[in-house]
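Report on the following structure.
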Amino acid sequence: MHAPIGPGIHEPVPELPEAETIARQLHAGLAGAVVSSVRVQRADILHGDPRPLAAVIRRRRVEGVTRRAKRVQVQLDGGVMLVFRLGMSGRLTLVPRAAPVEPHTHVCIRFRARGDELRFRDPRRFGGVWCLSGREAYAGRRMGEVGPEPLTLEQSAFAAILKDRRRSIKSLLLDQTLIAGLGNIYCDEALFAAGIHPLTPAGALDGPSAQRLLRAIKRTLNRAIDANGSTLSDYRRPDGLDGSYQFSHKVYGRLGEPCRRCRVPIEKLTIAGRTTHLCPVCQVGRR
DNA sequence: ATGATTTCCTGTAGGC
DNA sequence: TGCCTACAGGAAATCA
């Protein structure tokens, strides 16, 4: 199906394009459906409204499914929203009720007059489900605030985020409170596309570099969305088919392979505790 | 205040 | 064959 993407690297992550793909497919498949029953296998992945989930969402209608940052949001009538944070290994699938339930399936939601059900599975449990109803003030983990969406971010706002920051541009881009939705894969891809070294202090980027970077971020994300995301080991679309953006990766998971621009081997280093792939020749600006 | 580091958790792969 | 260890990382917590 798909080969491992590099030595020791087999567990990539649903980032913005994957969450967008999931949200679009679930919207197409679920809009208008009415919740009939709920099974919660693990209560500790559920946060927000402290009441039993079934009591809150049963008989509510799905108004739509949207994305915010890397989160998939199922809007129900009555002002109730289910927010799925996929973490690293989270998957949302819409499958026939009779389909075998895979291990680490934590929540299943059925709908009236339908033969399928929505399943949330997350082996590593870095993700979770938030039931937001207006009564979630103190129950479970809080869901942190996130920064602006990169796809609609203006250049001036981006420049303000970078200004005077001494931390590396890579760690800044991963900070969800500053910009929402970028993860390790698309950070590396965007920095390569912009020709910027990931260790460059964010505030040291000049105007043209910052402009190049934001454009590269938008282009990278949009292309990945068009390809239905990257399918690696963990991420799958709700319909079970694969995305294809992994075939477009220029640096991520290509340690030791030749740069597609200059043929020099791709290198990796660790920034903010995360593996970072880069071309040492094409990406400049480190200081 | 800022940014770097650690922690949570499981599946997979590589070494022996 | 099977045990053991290292590693992947989003985001919150902790440290310097």
Side-chain angles (χ1 to χ4, degrees), chain A residues 1-20 22 41-48 67-73 83-92 102-106 120-130 138-147 150 160-189 198-204 221 229-236 246 249 251-256 266 268-277 286-287:
Chain A
M1 179 92 264
H2 45 265
I5 54 171
I9 303 170
H10 304 281
E11 303 289 341
V13 179
E15 302 182 26
L16 186 153
E18 290 74 26
E20 179 69 28
I22 293 166
Q41 306 284 359
R42 272 199 80 109
D44 61 346
I45 55 96
L46 191 55
H47 315 282
R67 175 196 63 76
R68 168 77 169 111
K70 304 172 188 175
R71 304 164 180 176
V72 176
Q73 311 180 133
V83 181
F84 293 88
R85 216 168 63 188
L86 301 175
M88 275 199 50
S89 58
R91 288 192 200 175
L92 273 172
E102 296 183 273
H104 309 293
T105 297
H106 305 313
F120 175 68
R121 186 177 171 245
D122 184 15
R124 239 151 297 181
R125 304 209 302 281
F126 285 4
V129 185
W130 278 257
Y138 43 81
R141 283 199 331 231
R142 273 189 61 80
M143 192 171 55
E145 293 299 312
V146 292
I161 291 169
L162 301 181
K163 185 169 161 39
D164 295 333
R165 302 256 174 191
R166 288 199 297 228
R167 65 197 293 191
S168 69
I169 184 61
K170 161 101 184 209
S171 93
L172 182 145
L173 292 178
L174 286 173
D175 187 334
Q176 301 297 300
T177 67
L178 298 176
I179 299 172
L182 286 170
N184 207 33
I185 296 174
Y186 296 108
C187 268
D188 285 3
E189 294 299 318
L199 283 174
T200 309
L221 293 175
S230 303
T231 296
L232 301 162
S233 302
D234 276 338
Y235 163 72
R236 286 291 161 78
Q246 66 276 16
H249 292 172
V251 287
Y252 185 83
R254 297 193 65 245
L255 176 64
I266 297 301
K268 78 167 186 178
L269 47 85
T270 299
I271 301 177
R274 290 181 189 105
T275 302
T276 299
H277 295 81
R286 179 182 176 181
R287 216 194 29 181

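We name chains A, B, ... by the order of the sequence lines, and we start the count at 1 in each one. When reading the values below, keep in mind they use all heavy atoms of this one structure, side chains included, and skip hydrogens, waters and symmetry mates.
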(request) May I ask you to evaluate whether A:T275 reaches the phosphate of C:dA8, defined as a side-chain N or O under 4.0 Å from OP1 or OP2? (result) yes
(request) Nearest whole angstrom, please: distance from the P of B:dA4 to the CG of A:L173. (result) 13 Å
(message) Before you tell me yes or no, could you show the steps for A:D122 and A:R42 under salt bridge (Lys or Arg N to Asp or Glu O under 4.0 Å), namely the whole-Å CA-CA distance, both residues' side-chain angles and the distance that decides it to 0.1 Å?
(response) CA-CA 11 Å; A:D122 184 15; A:R42 272 199 80 109; over 6 Å; no
(message) For B:dC9 and A:H104 - does any side-chain N or O of the residue sit under 4.0 Å from the phosphate oxygens OP1/OP2?
(response) no
(request) Look at the side chain of A:E20 and the backbone N and O of A:A69, then say whether any donor-acceptor pair between them is shorter than 3.5 Å. (result) no
(request) Using atom types as modelled and distance alone, determine if a side-chain donor or acceptor of A:S168 lies under 3.5 Å from a backbone N or O of A:S171. (result) yes
(message) Rounded to whole Å, please give me the gap between CG in A:L162 and C1' in B:dT2.
(response) 16 Å
(message) Taking ring pair (Phe, Tyr, Trp, His ring centres under 6.0 Å) as the definition, give me every residue that meets it alongside A:H47, ordered by chain and number, with sequence neighbours left out.
(response) A:W130
(message) Parallel, tilted or perpendicular, judged at 30° and 60°: which one describes the rings of A:Y186 and A:H249?
(response) perpendicular
(request) To the nearest Å, give me how far apart CZ (A:R167) and P (B:dG3) are. (result) 5 Å
(message) Quick check for you: among C:dA8, B:dG3, B:dT10, whose closest atom lies nearest to any side-chain atom of A:R125?
(response) B:dT10
(message) OP1 or OP2 of B:dA4 versus the side-chain N and O atoms of A:S171: is any pair under 4.0 Å?
(response) yes
(request) Please check if the side chain of A:E189 supplies one atom and the backbone of A:Y252 the other of a donor-acceptor pair under 3.5 Å. (result) yes
(request) Rounded off to whole Å, could you give me the CD1-to-C1' distance for the A:I271 and C:dA8 pair? (result) 16 Å
(message) Any carboxylate oxygen within less than 4.0 angstrom of a Lys/Arg side-chain nitrogen, looking at A:K70 and A:E15?
(response) no
(message) Check whether A:H277 reaches the backbone of A:T275 with its side chain - one donor and one acceptor, N or O, closer than 3.5 Å.
(response) no
(message) Under a 3.5 Å distance rule, please check whether A:E102 uses its side chain to pair with a backbone N or O of A:R121 as donor and acceptor.
(response) no
(request) Produce a footprint string for nucleotides 10-16 of chain C: one letter per nucleotide, 5' end first; B if the base is under 4.0 Å from any protein heavy atom, S if only the sugar-phosphate is, - if neither. (result) BBS----
(request) With DNA chain B as reference, determine whether A:G273 or A:R165 sits nearer its 5' end, using the nearest nucleotide of each. (result) A:R165
(request) Find the distance A:D164:CG to B:dA1:P and express it as a whole number of Å. (result) 16 Å
(request) Please state how far atom CG in A:D188 lies from atom C1' in C:dA8, giving the value in whole angstrom units. (result) 13 Å
(message) Tell me the bend of the helix from B:dT2-C:dA16 to B:dC16-C:dG2 as the angle between end helix axes, each from five pairs, rounded to the nearest 10 degrees.
(response) 50°
(request) Starting from P on B:dG3, measure out to CZ on A:R166 and report it in whole angstrom. (result) 7 Å
(message) Strictly distance-based, threshold 3.5 Å: is any side-chain N or O of A:N184 a donor or acceptor partner for the main-chain N or O of A:T276?
(response) no
(message) Of the options B:dT5, B:dT10, C:dA8, whose atoms approach the side-chain atoms of A:A272 most closely?
(response) B:dT5
(request) Using atom CG of A:D122 as one end and atom P of B:dG11 as the other, report the distance to the nearest whole Å. (result) 11 Å
(message) Measuring to OP1 and OP2 of C:dG9, would you say a side-chain N or O of A:Y186 lies under 4.0 angstrom away?
(response) no
